[in-house]
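In what follows, residues are counted from 1 in the order of the sequence shown. As a basis for the values below, the full set of heavy atoms in this structure was taken, side chains included, without hydrogen atoms, waters or symmetry mates.
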Amino acid sequence: MIDRIKEKVSTMFVNDEINTPEEDPKIILVNSGPLEGPPEPEMRVVGLYTDITEEKVAELTQALLYLNETNRLKEDDEEKKPIDFYISTYGGNADDMFALYDIMKQVQQETEIHTIGMGKVMSAGVLLLAGGTPGHRKIGKNCRIMLHSVPSITW
């Protein structure tokens, strides 16, 4: 509790006008605000509108983890809100895609991720689209989906 108060206090003044040594100085808290922490973001939306790269995956990872943490702080399950993840990509690096996929699965243990395909979802982006919470995966009416063909190998 004390740590939260310290975080919320931007300025602290000690009243110098107290002349008697037996009195404790008065502390005035300025701009303390509510103690519940920062306000929760109303928009719980992330988006991938470019190729899948290490830098973009780092941004999305931070966003997903932050939005998941806001749900973890809520005691009532009914107050928890899903994350909307919009995807429009030609694909990209498979290693980075799997890193993001793993984060999505970790977050989904506590927070639903609704995936929405818009425009085009191709190659590595298809797995991310399919990685959304079952029953909450959607594509736009004019969205193009492209999967690579997988050669069949017989031994």
Closest approach of [X] to [Y] (non-hydrogen atoms, all atoms of both residues):
X      : Y      : answer
Glu110 : Asn68  : OE1-ND2, 3.3 Å
Leu129 : Ile116 : CD1-C, 4.0 Å
Ile52  : Leu48  : CG1-CD2, 3.7 Å

pair Leu64-Tyr66: side-chain heavy atoms closer than 4.5 Å:
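Answer no - side chains too far apart.
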Hey, does Val46 have a side-chain heavy atom less than 4.5 Å from the side chain of Asp84?
no
Pairs of donor and acceptor atoms involving the side chains of residues 131-140, under 3.5 Å and at least two apart or interchain, shall be tabulated with distances.
from	atom 1	to	atom 2	distance (Å)
Thr133	OG1	Gln108	NE2	3.2
Thr133	OG1	Ile113	N	2.8
Thr133	OG1	Ile113	O	3.2
His136	ND1	His114	NE2	3.4
Arg137	NE	Ala130	O	3.1
Arg137	NE	Gly132	O	2.9
Arg137	NH2	Gly132	O	3.3

So which pairs with a foot in residues 57-66 pass salt bridge (charged side-chain N to carboxylate O under 4.0 Å, His left out), sequence neighbours left out?
Lys56-Glu59
Going by salt bridge (charged side-chain N to carboxylate O under 4.0 Å, His left out), name the pairs with one or both residues in residues 92-109, residues two or more places apart or in two chains.
none
In a table with atom names and distances, give each donor-acceptor pair under 3.5 Å that connects a side chain of residues 117-128 to protein atoms at least two apart or in another chain.
from	atom 1	to	atom 2	distance (Å)
Lys120	NZ	Ser88	OG	3.3
Ser123	OG	His148	NE2	2.8

How long is the straight-line distance from [atom2] of [Y] back to [atom1] of [X], given to the nearest 0.5 Å?
X      : Y     : atom1 : atom2 : value
Met146 : Tyr90 : CE    : OH    : 10.5 Å
Ile103 : Leu60 : CD1   : CG    : 11.0 Å
Thr53  : Met97 : OG1   : CE    : 13.5 Å
Arg72  : Lys80 : CZ    : NZ    : 8.5 Å

Using the side chain to side chain contact (heavy atoms under 4.5 Å, CB included) criterion, which residues pair with Gln62? Sequence neighbours excluded.
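Testing Gln62 for side chain to side chain contact (heavy atoms under 4.5 Å, CB included), a comparison that skips the adjacent residues, returns none.
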Got a sec, which residues hit side chain to side chain contact (heavy atoms under 4.5 Å, CB included) with Asp76, two or more places apart in sequence or on another chain?
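Glu78, Glu79.
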Heavy-atom count check: over 12 atoms from other residues, nucleotides or ligands less than 6.0 Å from Glu54 CD?
no
With distance as the sole criterion, is a donor-acceptor pair present between the side chains of Arg44 and Thr70 under 3.5 Å?
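The criterion, which ignores hydrogens and geometry beyond distance, is satisfied for Thr70 and Arg44.
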Just do the side-chain contact (heavy atoms from CB on, under 4.5 Å) check on Tyr86 and Val45 with the steps written out, would you?
CA-CA 8 Å; Tyr86 286 84; Val45 177; 3.6 Å; yes
If only atom types and distance count, is the side chain of Thr115 paired as donor or acceptor with the main-chain N or O of Phe85 below 3.5 Å?
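Here the side-chain-to-backbone pair does not exist.
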